[in-house]
Amino acid sequence: MLKITLKDGSIVETEEGSRVIDVAKSISEGLARAALAGRVNGKLVGVTETLNADCSLDIVTFSDDEGKSIYRHTCSHILAQAVKNIFPTVKLAIGPSISNGFYYDFDFKTPITKEDFEKIEKEMQKIIKANLPIERIDVSKEKAIEFMREAGENYKIELIEELPDGEAITFYKQGDFTDLCRGPHLSSTGKIKAFKLTSLTGAYWKGNENNKMLSRIYGTAFDKKADMDAYLEAVEEAKRRDHNKIGRELGYFMTDENIGQGLPLLMPKGAKLFQILNRFVEDTEAERGYLMTRTPLMAKSDLYKISGHWDHYRDGMFVMGDEDKGEEVYALRPMTCPFQYTIYNNGLKSYRDLPLRYGETSTLFRNEASGEMHGLIRVRQFTISEGHLICMPSQLEQEFKGCLDLAQYMLKSFGLLEDVSYRFSKWDPKNPDKKFIDDPKEWAYAESEMKRILDHLGIKYTEAVGEAAFYGPKLDIQIKNVHGKEDTMITIQIDMFLAERFDMSYIDENGDKIRPYIIHRTSMGCYERTIALLIEKYAGALPTWLSPTQVRVLSLTDRTADVAKETCKKLATFGIRAETDVRGEKIGYKIREAQLEKVPYMLIIGDKEAEQELVSVRSRKDGDLGTMTILDFMMKIGKEVNDRVC
RNA sequence: GCUGGUGUAGCUCAGUUGGCAGAGCGAUUCACUCGUAAUGAAUAGGUCGGCGGUUCGAAUCCGCCCACCAGCUCCA
């Protein structure tokens, strides 16, 4: 008899050679039905795997992340089988599970369209109905390659060739369909209860843009149809928050084909929000000891040659002038560092001057590839709250901490603190020349310093190789948009090369010339992106403290138009952003418009209010709040704005 | 940049085998002076994304380009 230790620590006995599913059955019939896989001594296996020694065993169900992943991975194999049945000439690439679903990459002889989804889904349904058992087959590498050669699956051959020699290659077979796969899988195709194909896109073979573009079919699968419907509805709901749609509808920004890609125009509401954010950032930075700079938007190529941009980032810059014709070459700036470093270098610095914290509301230009632009999130010209902290080595941790604290203060003020994740972005030693300044010793040092600081601060982060800046490692504060795509919102970086390149120094207590440390950081990130994320977070109904218009005063009839205007003026005197609507429309109509424009408060002024010197207050969220004095209203909204209620 | 999709009034969209460019909402004007999410009537509004081609004739067919959307790749 074998001793099996379960998740809760209890031990069950079972005969040698019994399967994972048998153990599940011995616990309960319900668990056996829900069982998708087992985790034996921490390793995932299929439910039909036999147990041959004492071990620990977790029964994996759909409520586990691994369970979902196995379930959806099996669904991707069913997709591949269905596609192969309908299009026998198709070549198979890869088909993993991803968060919320799965995909499979195909090389079609003639491209398919979304119209084909119905046919494919029907075929998948047939395979599921047939409830084909899924079996694992172990073969040698040679045999595996031979098998795929006969099947003409050249992508699979390439994958197998990369697997280590001598180890068994696993295949999974369902009916007459066999696919290379690490597994594990569900025990049969009939286990899939609900699935849907969601989109059809292109994807490079092995994610390399020099390789062939394949067709990728995305789908999702759930163990209950109701859960899938709820998920699909949530995806639709998220799309309704898309800043790229409602940001345009609400009049925050627009684009124009004559102006160009990635060059959004902020309209009055967008510009107002920009100003609100900008004042908040600059005031907060001033409180925290930052000094403002204002530096040119372009410079001669000489500057970028010193900074390294010319070597590492030239493709991403807008360059003007032809060197070959003997012209002076200028480039719009892609970042602010070399400019602020130049300011630092103006005059000898003492250790008494440090730390120096420079901040700038800085407009940058980056020539992003044409397919990268996305609303306000990814653009070619943007403005960032950029700053550089120049400090002594002993001040590095303290200053880094200050940057993080500032970033978190910003996020909290915007109500986004819970929506972000932290990423420690490191260089890629395998790709040194082009992308990163090649100096392994310096990288090792800076990365270990940053890691030490992060661990000391207790930040939970993921590590990302190859995501560093060319001059140093970064702590990126990441946020997802409504499509689930992650972007960097705030970044804090240790720059260990540019001080050297710009020959920056300070004089220490002994009169020695010392190289300072530099932290390169944003306190809020780029304004355009922040505006986009705020619109998405609040579906356009921005917190009162951020709303371009906070109050709209509505006159009930022409008789109260002047009182409405007077009221608006009073509010403005107290710094409340108010406007009037004194058009000869019905009150219901004016309210509807203000609601649709997401104005936080409406003040309705009719004859009664005018006579009693009151205002009738309506909140966009809670509706009619009754009448109050204008002073009471100002106290109410003033508190909400001061507390930055989100 | 790559794959796929889209482009007709401010917005949402219709427009048949190539034959006079349409609707609803919005806008404007006039009337109504109204109590917490849509008052009525009239009027205006179009290089059919752009350029070129085929044709007696192009929103419609063909080519090139531009912009927008999803994904890939990229993101200092």
Side-chain angles (χ1 to χ4, degrees), chain A residues 103 105 108 111-114 198-218 239 242 244-245 248-249 251 254-263 304 307-309 311-317 333-337 364 366-375 377-379 425 435-437 466-472 474 476 483-488 491 493 495 498 520 554-561 583-597 602-609 616-620 623-627:
Chain A
Y103 67 78
D105 286 349
F108 286 100
I112 63 159
T113 68
K114 266 192 119 169
T198 49
S199 66
L200 173 67
T201 68
Y204 297 110
W205 168 233
K206 286 183 175 170
N208 185 328
E209 61 181 321
N210 300 315
N211 288 343
K212 185 166 182 185
M213 173 77 58
L214 307 173
S215 300
R216 174 172 296 179
I217 297 176
Y218 283 94
K239 283 185 190 154
D242 190 342
N244 210 2
K245 186 167 167 55
R248 291 172 198 267
E249 284 169 2
M254 58 174 284
T255 51
D256 183 90
E257 59 178 302
N258 293 319
I259 288 175
Q261 242 195 332
L263 299 170
Y304 305 115
S307 67
H309 287 90
D311 290 339
H312 296 280
Y313 196 64
R314 195 172 171 178
D315 289 347
M317 290 201 283
R333 67 177 180 195
M335 51 208 300
T336 326
C337 351
L364 306 178
R366 300 182 183 180
N367 194 3
E368 305 281 0
S370 65
E372 306 304 338
M373 259 61 76
H374 172 62
I377 286 187
R378 195 81 181 271
V379 292
S425 299
K435 254 185 100 177
F436 304 104
I437 292 176
E467 294 291 340
F470 75 80
Y471 49 75
K474 311 190 286 179
D476 290 321
H483 299 287
K485 191 170 167 148
E486 196 178 84
D487 271 298
T488 301
T491 183
Q493 316 172 352
D495 173 351
L498 300 192
H520 171 136
L554 313 180
S555 58
L556 192 70
T557 67
D558 290 347
R559 291 190 301 277
T560 54
R583 293 174 301 167
E585 299 288 349
K586 281 177 103 170
I587 197 67
Y589 182 84
K590 294 192 200 180
I591 286 172
R592 180 182 149 80
E593 277 203 349
Q595 284 284 150
L596 291 175
E597 287 174 42
M602 289 146 263
L603 299 186
I604 292 127
I605 301 195
D607 292 331
K608 269 188 290 183
E609 288 81 6
S616 177
V617 180
R618 183 188 163 95
S619 123
R620 77 177 163 204
D624 192 352
L625 300 181
T627 53

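Chain A is the first sequence line, chain B the second, and so forth, proteins listed ahead of strands; every chain is numbered from 1. Computation of the quantities below employed the complete heavy-atom set of this structure, encompassing side-chain atoms and omitting hydrogens, waters and symmetry-equivalent molecules.
The side chain of A:Q261 contributes an N or O atom lying less than 4.0 Å from OP1 or OP2 of B:rC68.
With respect to A:R583 and A:E593, a salt bridge is recorded, a charged nitrogen being found less than 4.0 Å from a carboxylate O.
A:G606 comes within 4.0 angstrom of a nucleotide base, judged by non-hydrogen atoms across all strands. Residue A:A468 is classed as a sugar-phosphate contact, given heavy-atom separations below 4.0 Å to backbone atoms only. Counting non-hydrogen atoms under 4.0 angstrom, A:D607 reaches a base of the nucleic acid.
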Every protein N/O lying under 3.5 Å from an N/O of nucleotides 9-14 of chain B:
none

So which protein N/O to nucleotides 70-72 of chain B N/O distances come out below 3.5 Å?
unit_1 : atom_1 : unit_2 : atom_2 : d
B:rA70 : OP1    : A:H483 : NE2    : 3.0
B:rA70 : OP2    : A:H374 : ND1    : 3.3
B:rG71 : O3'    : A:Y218 : OH     : 3.3
B:rG71 : O2'    : A:T201 : OG1    : 2.8
B:rC72 : O4'    : A:G202 : O      : 3.3
B:rC72 : O2'    : A:Y204 : N      : 3.1

Using a cut-off of under 3.5 Å, enumerate the N/O to N/O pairs linking the protein to nucleotides 25-29 of chain B.
unit_1 : atom_1 : unit_2 : atom_2 : d
B:rA27 : OP2    : A:Y589 : OH     : 3.3

Protein and nucleotides 48-51 of chain B: nitrogen or oxygen contacts under 3.5 angstrom:
unit_1 : atom_1 : unit_2 : atom_2 : d
B:rG49 : O2'    : A:E257 : OE2    : 3.4

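Taking the C1' atoms as reference points, B:rG15 lies 10 Å from B:rU60, given to the whole Å. Taking the C1' atom of each, B:rC56 and B:rG46 are spaced 25 Å apart, rounded to whole Å. Taking atom C1' on both nucleotides, B:rA21 is separated from B:rA41 by 25 Å, rounded to a whole Å.
Among B:rG35, B:rA37, B:rU33, the nucleotide with an atom closest to any side-chain atom of A:R559 is B:rU33. Among the nucleotides B:rA37, B:rU33, B:rC69, the one closest to the side chain of A:R248 is B:rC69.
Taking the six-membered ring wherever Trp is involved, the centroid distance between the rings of A:Y471 and A:H520 falls below 6.0 Å.
Evaluation of the salt bridge (charged side-chain N to carboxylate O under 4.0 Å, His left out) test over residues 202-212 of chain A, restricted to residues two or more places apart or in two chains, returns A:D107-A:K212, A:E158-A:K206, A:E162-A:K206.
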>> If a pair means Watson-Crick or G-U wobble with both distances below 3.5 Å, what does RNA chain B look like in dot-bracket form, with | marking bases paired to a different strand?
In response: (((((((..((((.....[..)))).(((((.......))))).....(((((..]....))))))))))))....
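The aromatic rings of A:H312 and A:F470 lie parallel to each other, with less than 30° between the two planes, well short of the 60° mark.
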